[in-house]
Amino acid sequence: MQTRTLRFNYEFSRIYRKGKFAAGHYVVVHYLRRPGSPGRVGVTASRKVNGSVQRNRVKRLLRESYRLVENRVQEGYDLILVARQTDDRPGMRQVQTDLLKVLRRARLLKPEGETSE
RNA sequence: UGAGCCAGGCAGGCAGCCGCGGGCGCAGUCCGAAAGGGCGCGCGUGAGGAAAGUCCGGGCUCCACAGGGCAGGGUGCCGGGUAACUCCCGGUGAAGGCGACUUCAAGGAUAGUGCAACAGAAAUAGACCGCCGGCUCCGGCCGGCAAGGAUGGAAAGGCGAGGUAAGAGCUCACCAGCGGGCUGGCGACAGUCCGGCUAUGUAAACCCCACCUGGAGCAACACCGUGGAGGGACAUCAAUGUGGCCCGCAUGUCCCGGGGAGGUGGCUUGAGCCGUCCGGAAACGGUCGGCCUAGACAGAUGGCUGCCAGAUACAGGACCCGGCUUACAGCCUGACUCAGUAA
RNA sequence: GUCCCGGUGGCCUAACGGAUAAGGUAGCAGUUUCCGGAACUGUAGAUACGGGUUCGAUUCCUGUCCGGGACG
């Protein structure tokens, strides 16, 4: 993964506090502009997602979804992808389309070249 | 064939491509004075039977501690296993089941104290109805009895016979319980004989007896530790600020101890796993041989495709072991029981 | 992750091992009023779940589930 991962709690806190967010059905994206940086990302699951198996599962799906669309994301942003608690257990396609929808709404995708993929 | 019961085991597999954590190797590039670090390539490795609940027991680490006792907590039939246990194995007794089998905190109620509501005459203590005898003014009174009725979870052993005015272990047989002897057993206990003649329940109520027991927990603990706060030393009025000037104070340099953020260790070779043989009824122990099998710190196992007939439960390590308990789709293997049918 | 508390009607609190589980508030119905409120009367509604000890369990023991707290 070219993008570096967020590591410390204060980094998460600053993005939650100062950044903006956009929510979908399965995922919430918090983002904060950070000029001059290649961009970093952190993946988390809501505490309401019951069971470590479910939490880790949705985090894996989110990581994989992000990896597949990584090169289409605007640079210079810190992102946090938060998995939400839902009644169903989402599959890969659902998470990926939801993530794309949210990123597009937050205008975090690169303007052109995305249709070529 | 159906129903059941017990023990053990598996927990989707294979292939291709992309991706992730740890390890080893390679040498290219970038950063750095260096040590080293980032990016890259290759090889190999990478969650469970419960990893869970945190209910017990240990290892390990730190703190406390001369020795002994009390208090508090725990355990509680017997023998064995184990590092240890509230666990496991075997046995005894009791309860349940036609049975295979299952379940049991299963010491002591003549050490003492407490409690036992309501009902009932009476709850550890006796006479309401009643039965029998006597008296009678026919209302009942006196005495005997504890078999029957009624209440209750429990009513002074049970049941039968004798006996009696009616009754009663009053007497006798059997059974239960209590005490003692003998036999078997390491023991719990079992069998048998004798005796006296009967003792409510509750100790997961206080308690008594026997045995065990310091406290905390890897976010323990150890090391490094920018800055900042504190203390000390030096320097020297040379410089700056305060001040009319000196002393002093702050700024300067060095040291000290404690140590927040962060980093490193602890961190995986261990009461380890697999197999052979031996001892043992078993749990388990021993000999020999082989193997190395996650160590993360926003926290690694995922995605796509194909095949296997179909389907994929409960669920993810966080210092490590031994147990218990709880959750769980679909199966496999073996022993046994009952019912039906056939031979 | 480690350690520690708690669970009673919709909500807030009571209940030496002995009831038909008590009270306040909210709900419903009625009385009162022209109507509403207040007041008065009545009424329904609960021991988180399972097992055990006991004659008898909200209480004692045990196992689950749920909620909360401390450290971080």
Side-chain angles (χ1 to χ4, degrees):
Chain A
M1 206 180 278
Q2 319 163 339
T3 317
R4 302 188 51 180
T5 54
L6 295 170
R7 297 193 60 211
F8 302 111
N9 196 39
Y10 66 86
E11 296 173 329
F12 280 81
S13 301
R14 189 180 58 217
I15 296 165
Y16 286 138
R17 202 170 56 246
K18 293 189 172 180
K20 301 178 177 178
F21 69 94
H25 188 246
Y26 297 110
V27 60
V28 181
V29 177
H30 293 259
Y31 56 100
L32 179 65
R33 193 170 162 75
R34 199 162 171 274
S37 159
R40 300 180 299 178
V41 66
V43 178
T44 316
S46 160
R47 203 186 188 118
K48 291 174 185 168
V49 179
N50 279 330
S52 54
V53 173
Q54 288 306 305
R55 278 197 299 277
N56 286 332
R57 166 82 182 160
V58 290
K59 280 160 72 177
R60 280 180 206 131
L61 293 178
L62 268 181
R63 252 194 298 275
E64 179 71 10
S65 299
Y66 179 79
R67 188 177 70 85
L68 294 175
V69 300
E70 188 178 25
N71 52 358
R72 295 163 55 186
V73 175
Q74 293 261 23
E75 287 151 8
Y77 283 91
D78 280 349
L79 302 180
I80 301 176
L81 313 178
V82 181
R84 307 183 70 181
Q85 161 71 343
T86 52
D87 292 336
D88 57 336
R89 295 181 176 185
M92 181 64 196
R93 290 199 183 85
Q94 296 162 288
V95 171
Q96 189 160 13
T97 54
D98 198 51
L99 176 66
L100 274 175
K101 189 176 70 182
V102 172
L103 289 177
R104 192 174 295 118
R105 194 188 303 147
R107 302 182 191 286
L108 289 170
L109 296 179
K110 289 179 183 172
E112 268 315 309
E114 62 190 20
T115 51
S116 64
E117 305 186 35

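Values below: all heavy atoms of this structure, side chains included; hydrogens, waters and symmetry mates excluded.
- Using a 4.0 Å heavy-atom distance criterion, A:R57 is classed as a sugar-phosphate-only contact.
- Qualifying side chain to side chain donor-acceptor pair (under 3.5 Å) partners for A:Y26, counting only residues two or more places apart in sequence or in other chains: A:D88, A:Q94.
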Pairs under 3.5 angstrom, nitrogen or oxygen only, protein versus nucleotides 313-318 of chain B, please.
| from | atom 1 | to | atom 2 | distance (Å) |
| --- | --- | --- | --- | --- |
| B:G316 | OP2 | A:S52 | OG | 3.3 |
| B:G316 | OP2 | A:V53 | N | 3.2 |
| B:G316 | O5' | A:S52 | OG | 3.2 |
| B:G316 | N7 | A:R60 | NH2 | 3.0 |
| B:G317 | OP2 | A:S52 | OG | 3.3 |

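- With sequence neighbours left out, A:E64 forms a side chain to side chain donor-acceptor pair (under 3.5 Å) with A:R67.
- For residues 93-102 of chain A, every residue pair satisfying the salt bridge (Lys or Arg N to Asp or Glu O under 4.0 Å) rule, not counting sequence neighbours, is listed here: A:D98-A:K101.
- Spacing between B:A11 and B:G280 at atom C1', rounded to whole Å, works out to 35 Å.
- The hydrophobic clustering, which links ILVMFWY residues whose side-chain heavy atoms are closer than 4.5 Å, places A:V58 and A:L79 apart.
- Every residue two or more places apart in sequence or in another chain that forms a side-chain contact (heavy atoms from CB on, under 4.5 Å) with A:R57 is listed here: A:L61.
- Along RNA chain B, the nucleotide nearest A:R93 and the nucleotide nearest A:T44 are compared for position; the residue whose nucleotide lies closer to the 5' end is A:T44.
- Figure legend. B:C14 is base-paired to B:G306; pairs are counted as Watson-Crick or G-U wobble with both atom distances under 3.5 Å.
- Toward the 5' end of RNA chain B, the nearer of the two residues A:G42 and A:M92, judged by each one's closest nucleotide, is A:G42.
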Write down the protein N/O and nucleotide N/O pairs, taken from nucleotides 15-18 of chain B, whose separation is under 3.5 Å; answer none if there are no such pairs.
| from | atom 1 | to | atom 2 | distance (Å) |
| --- | --- | --- | --- | --- |
| B:C18 | O2' | A:R67 | NH1 | 3.2 |

